[in-house]
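Here the structure comes first, spelled out in structure tokens, and everything after it is commentary.
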2 protein chains.
Amino acid sequence: MTLKLDKVNRGPHLSTLVASSISREIAQGRLKPGDQLPTEQQLAQTFGVSRNVVREAIARLRSEGRIWSQQGRGAFVADQPNATVLTIDFDALQQANAFQSLFELRGILEVQAAALAARRRSDGDLQAMKEALETMRAAPYGSVMWLKTDLEFHKTVAAATGNIYMVQFLTFVSEKVRESILASGNQQGSEDLAAVTLGEHERILDAIEAGDADEAQEAMRAHLHGAASRVGLAEE
Amino acid sequence: MTLKLDKVNRGPHLSTLVASSISREIAQGRLKPGDQLPTEQQLAQTFGVSRNVVREAIARLRSEGRIWSQQGRGAFVADQPNATVLTIDFDALQQANAFQSLFELRGILEVQAAALAARRRSDGDLQAMKEALETMRAAPYGSVMWLKTDLEFHKTVAAATGNIYMVQFLTFVSEKVRESILASGNQQGSEDLAAVTLGEHERILDAIEAGDADEAQEAMRAHLHGAASRVGLAEE
DNA sequence: TAACCAGTGTTGTATGATAACCATGTAAGT
DNA sequence: ACTTACATGGTTATCATACAACACTGGTTA
């Protein structure tokens with residue numbers, strides 16, 4: 001019965017294997033910033049793959065800002081990593097204070113987003129938020145569907161700010177937070193919690209509709225405070 | 001004199017051009033989640049490049065979580081974009097409102113970071129901030145060195161919050177903002193501006209040292225307001 | 001000394017071929 | 001009717017090779 005194992009091992013592409021292998025060399029300091037990588041041919045030989053695969057791996061690392069390359073010269077380890085891409089390591093998130101930090105960051109963005117949304121929301125934005133709230137009302141509390149619609153509501157709030165990067169950052173961070181919550185399995189849901197959560201959302205929506213930035217801010221803060229305690233996070 | 005435009009448009013590698021082109025299709029909704037991309041051959045033909053280049057572009061998009069592909073089936077737009085990494089397209093940033101959005105996001109984070117720093121800063125944090133300010137004082141205004149130390153100061157403020165992701169996000173966003181400013185070449189520096197900027201920084205530092213969160217917040221807001229006008233950005 | 005130039009190595013791109021895999025349809029067998 | 005096996009076409013994954021563009025080096029020449 002090695003079938004399953006085979007299927008697991010077969011998963012990633014060769015290029016990702018090569019990429020993470022080189023990435024590890026950099027992370028562990030065996031390749032320092034400014035160092036020149038071996039030539040593509042050498043890499044292909046040492047890894048036992050074609051030069052094409054090596055190039056795909058390099059293209060990936062280049063897009064992540066970890067290395068840069070120039071025609072005729074070679075590929076080099078970049079001075080400042082994470083130049084173009086922001087990554088959050090899932091394993092690191094398992095530590096409590098890391099999760100708390102991310103949750104705090106999310107809170108800052110959400111609260112300010114709510115205030116901006118109250119000032120700038122269009123009628124279309126309001127409509128989208130209301131629809132999201134309705135679908136949320138229909139979903140059973142704690143289900144995957146429920147979490148999805150919850151995220152969707154917050155997304156519509158972010159969208160109402162008119163700031164495209166607000167949407168991008170917030171969805172990214174929220175997604176990470178949600179993943180971490182799911183992984184920890186920290187959610188015992190009773191029915192009345194659904195009503196509470198929905199009520200918090202309604203308060204946010206009302207404030208945004210009224211154009212009251214301060215109230216929207218406060219409502220969002222209260223909501224996040226409630227959400228934090230719901231996942232067993234001690235607030236400062 | 002379209003040299004600059006050419007240099008922007010001409011991403012050194014064809015693969016990056018193809019990647020951002022596909023990426024744009026997804027962002028603009030012409031390719032919806034779940035949709036199947038054209039085959040590699042078709043893409044190669046429509047873009048006028050080799051299939052190899054298309055594969056490198058796809059490898060990049062796959063690593064960014066925007067698409068997923070399976071042997072024998074094809075490549076598809078991912079349901080939840082930005083699953084693993086957060087990217088900001090440099091070309092997209094050239095548009096004015098995009099830059100403004102990013103600047104706004106940076107402002108939100110910086111202002112709240114200043115408040116948190118005022119509450120939580122340790123003596124070591126204060127020491128680092130003071131040193132950063134000193135090196136900044138020594139650098140000539142507008143030079144690359146000056147910009148670097150400026151970033152460094154803001155980084156120490158972020159670090160003082162004790163929130164690791166605050167540092168990560170802020171440096172990422174600030175770096176993007178700085179790149180964009182450098183690219184637009186928007187900086188005419190006179191000597192008195194240096195004094196003004198330094199004064200703003202000192203005010204922030206003083207507030208954080210005093211532990212006055214509100215004042216730190218306001219000082220940072222004033223500083224960013226000044227910085228915005230200095231790069232010719234109209235504030236709302 | 002300085003400019004030119006050829007040679008070599010490296011990356012960037014193109015092209016063709018092969019293997020692995022998926023989806024679908026069809027025929028054989030139960 | 002239902003299942004199994006096989007055939008077929010299409011797609012990705014990988015390999016191999018070739019050529020173009022560019023960088024560096026060293027020698028030659030003015």
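Letters go in sequence order (proteins before strands), and every chain restarts at 1.
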key: Contact letters for nucleotides 7-14 of chain C, in which S counts primed atoms plus P, OP1 and OP2 and B counts the base, heavy atoms under 4.0 Å   = --BBBBBB

Using only atom types and a distance under 3.5 Å, with no angle test, would you say the side chain of [X] pairs donor to acceptor with the backbone of [Y]?
X	Y	answer
B/Q36	B/R73	yes
A/D125	A/S122	yes
B/Q42	B/T39	yes

inquiry  = Output the rounded distance in Å from CD (A/Q45) to C1' (D/dT17).
reply    = 16 Å

task = Starting at atom CZ of B/F76, determine the distance to atom C1' of C/dA23, rounded to an integer number of angstrom.
result =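 It works out to 11 Å between those atoms.
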
inquiry  = Tell me whether the rings of B/W146 and B/Y141 are parallel (<30°), tilted (30 to 60°) or perpendicular (>60°).
reply    =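 It falls in the perpendicular class, over 60°.
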
query = So B/H223 and B/H154, would you call those rings parallel, tilted or perpendicular, with 30° and 60° as cut-offs?
reply = parallel

